Amino acid sequence: MVIRYDPRDMAELRVYLGDTFLCRAINPELAGETIGLKDIIRARNHRRRELRATLAEREATVEALLSLRRGEASEPEPLFPEHESASSTAPARSRLKSYFNE
């Protein structure tokens with residue numbers, strides 16, 4: 001079964017079985033609404049930028065962990081830096097118990 005659609009018109013899907021057209025599935029809630037090609041391109045580019053940023057962050061994390069394992073870094077940089085608060089109170093101690101693994 002193959003389902004084909006036009007990304008600019010998500011209200012209508014075309015359903016094929018092999019090479020034979022079976023039917024059109026129409027969503028009445030979306031009928032009449034279309035998305036412009038520029039909006040689709042803009043949304044895809046935005047998503048790509050988000051994914052590139054996520055991959056860059058993960059790559060930096062992996063590199064930091066590998067350098068620690070090799071013993072290259074003297075002091076590790078925090079992987080998840082804490083936001084500095086304006087108050088001068090000491091931060092609450094975490095209730096999560098941590099263990100050191102070789």
Side-chain angles (χ1 to χ4, degrees):
M1 183 176 298
V2 176
I3 297 176
R4 296 183 180 160
Y5 65 94
D6 180 4
R8 293 172 286 169
D9 184 14
M10 294 298 293
E12 180 180 327
L13 302 174
R14 295 180 183 261
V15 182
Y16 294 85
L17 183 59
D19 292 333
T20 308
F21 174 74
L22 290 179
C23 66
R24 293 183 319 170
I26 298 175
N27 182 348
E29 295 172 359
L30 297 177
E33 293 184 27
T34 58
I35 301 172
L37 184 59
K38 289 182 181 180
D39 293 332
I40 294 171
I41 292 171
R42 188 178 308 119
R44 286 181 179 170
N45 290 338
H46 179 70
R47 180 68 179 146
R48 283 187 190 122
R49 282 191 296 274
E50 287 177 345
L51 290 174
R52 280 190 201 117
T54 302
L55 289 175
E57 290 173 7
R58 290 181 181 178
E59 184 177 0
T61 302
V62 168
E63 288 299 322
L65 291 173
L66 288 175
S67 66
L68 283 174
R69 183 161 182 115
R70 288 185 223 123
E72 294 174 0
S74 58
E75 290 189 26
E77 295 180 18
L79 297 177
F80 303 102
E82 297 180 14
H83 294 35
E84 295 182 20
S85 60
S87 65
S88 61
T89 61
R93 185 172 178 208
S94 174
R95 295 186 346 200
L96 182 64
K97 191 170 187 177
S98 61
Y99 297 91
F100 176 79
N101 294 327
E102 293 183 289

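Please read these numbers as outputs of a predicted model, since none were measured by experiment. For reference, positions follow the sequence shown, starting with 1.
The line from CD of Glu63 to CG of Leu68 is 11.5 Å long, rounded to the nearest 0.5 Å. The CE atom of Met1 sits 11.5 Å away from the OG1 atom of Thr20 when rounded to the nearest 0.5 Å. Put simply, CD on Glu59 and OG1 on Thr54 are 12.5 Å apart, with the number rounded to the nearest 0.5 Å. Within the model, atoms CZ of Arg70 and CG of Leu65 stand 10.5 Å from one another, a figure rounded to the nearest 0.5 Å. Note: Leu66 CG to Thr61 OG1 = 11.0 Å, rounded to the nearest 0.5 Å.
Linking ILVMFWY side-chain heavy atoms closer than 4.5 Å, directly or via other members, places Val15 and Leu17 in a single hydrophobic cluster.
When all heavy atoms are compared, the tightest approach of Asp39 to Arg42 is OD1-NH1, 2.8 Å.
Take Arg24 and apply the side-chain contact (heavy atoms from CB on, under 4.5 Å) test, not counting sequence neighbours, and it matches Glu12, Arg14, Phe21, Ile26.
Within 6.0 Å of atom OH in Tyr16, more than 12 heavy atoms from other residues, nucleotides or ligands are found, so the atom counts as buried in its surroundings.
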